[in-house]
Amino acid sequence: MSRMGEIEAMRIEWYAARMLPLKNAGRRTAIVNARHETYTDKAGQPRKRAVAGTGERMFVHELLLRRAGFEVFLPCRKEWRVTDRHRKRKTLVSYPLLTGWLFLGWPEGEARWGKLSDMGIVQGVVCDAGSPAKIKESEMQEMMRRWGAGRLAPEHHRYLRTHREFEVGDTVKVVEGPFEGFSFDVIDISSAGVSGLLQIFGREFPADFAADQVEAVDTWHRYIDETS
């Protein structure tokens with residue numbers, strides 16, 4: 001049975017909760033259930049480390065709440081980001097869809113507010129008339145169906161400049177090469193590059209550029225702060 005199916009069978013009371021910032025702000029995620037290998041450090045001492053590519057990466061707040069016995073749903077979006085500065089290859093990285101917020105719950109009829117408060121990681125929950133607002137089960141199921149696998153960024157974003165991604169029809173500007181400073185509307189995007197119609201002396205000319213030669217014009221508003 002899927003995770004969503006298990007939750008549906010149990011009947012969970014769900015609430016929207018705002019998390020307190022982590023004391024170690026630089027560690028937003030942790031890897032769990034990874035395979036480990038033994039190696040010898042520079043001092044000749046045996047050590048253990050996680051095998052690259054194994055395990056599941058989870059957000060720390062989500063991990064702590066799950067280990068304490070709470071049900072957790074954390075809607076995410078997935079963006080193409082460079083995770084290896086040497087290879088400069090982009091991979092999909094998850095970011096919370098609602099920065100600082102998640103949905104948590106427990107079996108219907110139980111009262112776990114005291115346990116939740118004792119954990120010291122929750123700043124508060126959404127309330128209605130001074131009481132925690134329970135989210136309808138149908139609404140939670142719909143969110144899980146819609147966001148359970150994460151909202152994927154378009155495939156072509158992996159070729160574009162980070163935080164300067166764009167779509168067909170958007171206006172972009174050339175940032176490198178002999179046409180630097182020119183702007184044009186995108187008519188095609190592929191792994192080979194970006195195509196558009198460049199206006200020169202009042203006439204339109206078809207032009208092709210490498211993906212890293214162009215960037216979107218004014219796209220800051222598309223992004224949620226990823227450092228929160």
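We use all heavy atoms of the structure for the numbers below, so side chains are in, but hydrogens, waters and symmetry mates are not. This structure is a prediction, so every number in the text was calculated from the model and none was measured. Residue numbers start at 1 and run along the sequence shown.
Under the side chain to side chain donor-acceptor pair (under 3.5 Å) criterion, E37 pairs with R49, not counting sequence neighbours. For L64, the side-chain contact (heavy atoms from CB on, under 4.5 Å) criterion is met by V60, M119, I121, not counting sequence neighbours. Taking A43 as the reference, D41, Q45 meet the side-chain contact (heavy atoms from CB on, under 4.5 Å) condition, with sequence neighbours excluded. Applying the side-chain contact (heavy atoms from CB on, under 4.5 Å) rule to K136 yields the partners S138, E139; only residues at least two apart in sequence or on another chain are considered. For E204, the side-chain contact (heavy atoms from CB on, under 4.5 Å) test picks out L197, Q199, with sequence neighbours left out.
Listed by first and then second residue, the side chain to side chain donor-acceptor pair (under 3.5 Å) pairs that reach into residues 109-130 are E110-R112, sequence neighbours excluded. Applying the ring pair (Phe, Tyr, Trp, His ring centres under 6.0 Å) test to pairs two or more places apart or on separate chains, none has a residue in residues 28-65. Note on residues 169-205: pairs passing ring pair (Phe, Tyr, Trp, His ring centres under 6.0 Å), not counting sequence neighbours, are F179-F182, F184-F209. Listed by first and then second residue, the side chain to side chain donor-acceptor pair (under 3.5 Å) pairs that reach into residues 177-188 are T171-D185, sequence neighbours excluded.
Within the model, atoms CZ of R35 and NZ of K48 stand 13.5 Å from one another, a figure rounded to the nearest 0.5 Å.
M58 places a side-chain heavy atom less than 4.5 Å from the side chain of R66. The shortest side-chain heavy-atom distance between W106 and E71 does not fall under the 4.5 Å cut-off. Using a 4.5 Å heavy-atom cutoff, the side chains of R18 and V125 are not in contact.
Residue E13 is tested with E137, E108, M140 for a side chain to side chain contact (heavy atoms under 4.5 Å, CB included); the sole match is E108.
Taking both residues in full, the closest heavy atoms of V172 and A216 are given as CG1-CA, 4.1 Å, listed atom of the first, atom of the second, then distance. A pairwise comparison of heavy atoms in G120 and L20 identifies O-CD1, 3.4 Å as the closest pair. For the residue pair D208 and S195, the shortest heavy atom distance occurs at OD1-OG, 2.6 Å. For the pair V72 and L102, the tightest heavy-atom approach, listed with the atom from each and the gap, is CG1-CD2, 4.1 Å. When all heavy atoms of F103 and P75 are compared, the closest pair comes out as CE1-CG, 3.8 Å. Taking every heavy atom of both residues into account, Y15 and A133 meet most closely at CD2-O, 3.5 Å.
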Quick one, I135 with V126, criterion side-chain contact (heavy atoms from CB on, under 4.5 Å). Give me CA distance, side-chain angles, the key distance, then yes/no. CA-CA 10 Å; I135 301 172; V126 173; over 6 Å; no
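Using modelled atom types, no side-chain atom of E62 and backbone atom of L74 make a donor-acceptor pair closer than 3.5 Å.
A continuous path of ILVMFWY side-chain contacts below 4.5 Å connects V194 to I200, so both sit in one hydrophobic cluster.
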